[in-house]
Amino acid sequence: MRCKWYDICPLRRFERAGKLAEVWANDYCKSDNNWENCRRYQLEEQGVYHPDNMLPDGQVDKSL
Ligand code: SF4
């Protein structure tokens with residue numbers, strides 16, 4: 001079961017623009033349960049702000 005935020009996650013926009021490799025979606029967003037370990041997911045659950053260009057491992061990619 002993929003992440004509940006999959007369709008509206010900002011990372012989809014970066015993927016469509018060819019700026020972000022799909023490995024992130026495969027390893028986190030579309031994984032069976034690894035989305036629980038996504039920093040974006042965790043912060044969203046806590047209601048804590050996180051920028052659109054934060055990757056699932058928590059690093060902020062300034063090229064996005
Ligand atoms: S980046 Fe994180 S919050 Fe966004 S869809 Fe992937 S697993 Fe979910």
Side-chain angles (χ1 to χ4, degrees):
M1 186 182 71
R2 66 187 188 184
C3 175
K4 67 180 180 181
W5 301 117
Y6 184 86
D7 289 329
I8 62 169
C9 186
L11 298 195
R12 303 291 84 77
R13 174 160 43 94
F14 299 134
E15 288 166 355
R16 284 195 299 272
K19 294 180 173 180
L20 186 67
E22 290 199 15
V23 64
W24 293 105
N26 291 333
D27 286 354
Y28 287 88
C29 320
K30 293 194 279 189
S31 71
D32 279 340
N33 53 16
N34 199 40
W35 41 264
E36 291 172 307
N37 296 317
C38 171
R39 192 67 184 134
R40 298 188 59 84
Y41 177 87
Q42 293 166 348
L43 292 172
E44 189 67 29
E45 290 299 292
Q46 295 165 17
V48 176
Y49 169 79
H50 46 288
D52 283 358
N53 60 348
M54 175 183 280
L55 298 174
D57 68 357
Q59 68 175 309
V60 174
D61 187 340
K62 292 183 178 166
S63 72
L64 296 175

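Along the sequence shown, the residues carry numbers beginning at 1. Numbering of ligands and ligand atoms starts at 1, following listing order.
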Please check if the side chain of [X] supplies one atom and the backbone of [Y] the other of a donor-acceptor pair under 3.5 Å.
| X | Y | answer |
| --- | --- | --- |
| W5 | C29 | no |
| N53 | D61 | yes |
| R40 | W35 | no |

Sort by chain and number the protein N/O/S atoms that are closer than 2.8 Å to atom 4 (Fe) of ligand 1, and list them.
C9 SG
Sub-4.0 Å atoms of ligand 1 with respect to non-hydrogen atoms of R12:
5 (S)
Is any NZ, NE, NH1 or NH2 atom of the basic residue among D52 and R13 found under 4.0 Å from an Asp or Glu carboxylate oxygen of the other?
yes
So which heavy atom on D7 is nearest to which on R12, and how close?
O-CG, 4.2 Å
Contact between R39 and M54 at the side-chain level, heavy atoms closer than 4.5 Å - yes or no?
yes
